[in-house]
Peer 1: 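One structure follows; several queries about it will come next.
Remember, it's 1-based here, ligands and their atoms both numbered in the order they're listed.
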Amino acid sequence: MAFRITKAVIPAAGLGTRFLPATKAMPKEMLPVVDKPAIQYVVEEAVAAGLTDVLMITGRNKNALENHFDRVTELEATLEEKGDVDRLAKVEYSNDLADMHYVRQGDPRGLGHAVMRARMHVGREPFAVLLGDDLIDERDVLLSRMIEEQNNRNATIIALMEVDPSMTHMYGIATVEMTGTPDVVKVTGLVEKPSAGTSPSNYAIIGRYVLQPDVFDVLEHTEPGKGGEIQLTDALQSMAANNIAGGVYGVVFRGRRYDTGDRLDYIKAIVQLAVERPDLGPDLKPWLKQFSADLD
Ligand code: G1P
C-alpha cells in the first residue's frame, strides 16, 4: 500500500568553510539569497510538495536555524505597533511553515551519516531528503513529481540532471537505462564524485531524494567511502545493484536549479533570482546591462 509521504529531512550540519569568515558564527544555511535565507527556500519547496513535517539535521553553531522558524515576539510586536503589515507578514511567514524538528549530527561523518540520524524520527515510512546547497526554482516541478513516482513504483527516487562532462567529479553520478515514462530512468549504478575521465555518464544527482526506509539498514552497513565519509550515494548504489526495496529510479530534471554551495555560484544565484523578482528586477536589469557593458 502506498504511503502518503509527509516527512522531509534536511541535512544542515555542514561547517560552511567555503564561506568563511561569513560562516564563523552563523550557519551557511542562513546566508541570504536576495532577502530570504537559503534554508527557507528549501523548506518552502518541501511544503509546496505537500510535506508537512521537517526534520533538520544540525550541529554546533546552528541555533539561528531554529530561531528562524520560530516566533520572534518583540520584533513582531514592534512591527505591529508601527502598522508595518508587509514586513510583519514576512516575519511571521516562516513561523508556521511546517512542523519543525531538529536533531544534531554529532560527529560530521558524511551525508549518509547525517541521514541515519533521521531514523528514529522517520520510522518505517518513505521520506524526502533535500540538500540546502541546491535550490530548485519554485516555478519548475521536481519534488512532487518524485513523490508521485515513489508512489507508483514503491522504489527509491533520486533527482538527476545532465551536467557538462567537466563537472561530473563534483557529483554523485548515475548509470541509467530508459523506462517507458518520459524523464524517468532506471538507475543501475551510482558512483560518488568519480575522478576526471572515469565518469560512467553525465547524469548527476542533484540534492533531492525520496527514500525508502530500508535505506537506514543499508546505511548501517555502508563503509566510509569518498573522503573517508559515509556516503548516501554508496548506500543507494547498493540498493540499485541489489534491487533492494524496489531498486532506484531517477527523475531527470530539466528546469532551473541554482547552486549556492560555493561563492561564485552563490553570487550567480542571487543575481538570477533578483533579476526575475518584480520588486527588484525592473531596476536591477538596466543597471546590470550597463554594468556589464562598462566591463567591456
Ligand atoms: C552531495 C552528494 C552528491 C550530490 C551532491 C548534489 O555532495 O554527496 O552525490 O551529487 O550533494 O549537490 P556535496 O555537494 O554535498 O559534496
Peer 1: Applying a heavy-atom cut-off of 4.0 Å, say which part of Leu232 lies close to ligand 1: side chain, backbone, both or neither.
Peer 2: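 Near ligand 1, Leu232 shows nothing, with every heavy atom at 4.0 Å or more.
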
Peer 1: Excluding sequence neighbours, so at least two apart, what forms salt bridge (Lys or Arg N to Asp or Glu O under 4.0 Å) with Arg277?
Peer 2: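 Only Asp35, Asp279 meet the salt bridge (Lys or Arg N to Asp or Glu O under 4.0 Å) criterion with Arg277.
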
Peer 1: For ligand 1, which is the ligand I care about here, please tell me if Ile205 has any N or O atom under 3.5 Å from one of the ligand's N or O atoms.
Peer 2: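 Between Ile205 and ligand 1 (N or O atoms, distance only) the closest approach is under 3.5 Å.
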
Peer 1: What residues, two or more places apart in sequence or in another chain, satisfy side chain to side chain contact (heavy atoms under 4.5 Å, CB included) together with Val115?
Peer 2: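 Partners of Val115 by the side chain to side chain contact (heavy atoms under 4.5 Å, CB included) criterion, ordered by chain and then number, come out as Leu111, Phe127, Val129, Leu211, Phe216, Leu219, Leu232.
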
Peer 1: Does the Asp134 side chain pair with the main chain of Ile206, one donor and one acceptor, at a distance under 3.5 Å?
Peer 2: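 Pair absent, no side-chain N/O of Asp134 close to backbone of Ile206.
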
Peer 1: State whether any protein heavy atom lies less than 4.0 Å from atom 8 (O) of ligand 1.
Peer 2: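 Flag for atom 8 (O) of ligand 1 set to true, protein heavy atom closer than 4.0 Å.
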
Peer 1: Check whether any N or O atom of Glu192, backbone or side chain, sits under 3.5 Å from an N or O atom of ligand 1, and answer yes or no.
Peer 2: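 Min N/O separation from ligand 1 is below 3.5 Å for Glu192.
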
Peer 1: Does Ile206, backbone or side chain, put an N or O under 3.5 Å from an N or O of ligand 1?
Peer 2: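 Looking only at distances, the answer is no, because the N/O contact criterion of under 3.5 Å is not met.
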
Peer 1: Can you tell me if CZ on Arg256 sees more than 12 non-hydrogen neighbours from other groups inside 6.0 Å?
Peer 2: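 Yes, CZ of Arg256 has more than 12 neighbouring heavy atoms, counting only those of other groups under 6.0 Å.
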
Peer 1: Where do Ala38 and Leu135 come nearest, in terms of heavy atoms and distance?
Peer 2: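 The pair with the smallest heavy-atom distance is O-CD2, 3.9 Å.
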
Peer 1: Which atoms of ligand 1 are found less than 4.0 Å from any heavy atom of Leu131?
Peer 2: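 Near Leu131, the atoms of ligand 1 are 1 (C), 11 (O).
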
Peer 1: Which of the atoms in ligand 1, numbered in the order shown and given with their element, are less than 4.0 Å from a heavy-atom of Thr233?
Peer 2: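 Ligand 1 atoms under the 4.0 Å threshold to Thr233: 9 (O).
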
Peer 1: Does the N or O separation between Asp134 and ligand 1 drop below 3.5 Å for any pair?
Peer 2: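 N/O-N/O distance below 3.5 Å exists for this pair.
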
Peer 1: Which protein heavy atom lies closest to atom 15 (O) of ligand 1, and at what distance to 0.1 Å?
Peer 2: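 Checked against all protein heavy atoms, atom 15 (O) of ligand 1 sits closest to Lys193 NZ, 4.7 Å.
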
Peer 1: Under the salt bridge (Lys or Arg N to Asp or Glu O under 4.0 Å) test against Arg254, which residue among Asp140, Asp137, Asp183 passes?
Peer 2: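 The option that passes is Asp183.
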
Peer 1: Report yes if some N/O of Tyr209 lies less than 3.5 Å from some N/O of ligand 1; otherwise report no.
Peer 2: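 Among all N and O atoms of Tyr209, none is under 3.5 Å from an N or O of ligand 1.
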
Peer 1: With the side chain counted from C-beta on, respond yes when Val33 and Leu273 share a heavy-atom pair under 4.5 Å apart, and no when they do not.
Peer 2: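 A side-chain contact exists here, since the closest heavy-atom pair is under 4.5 Å.
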
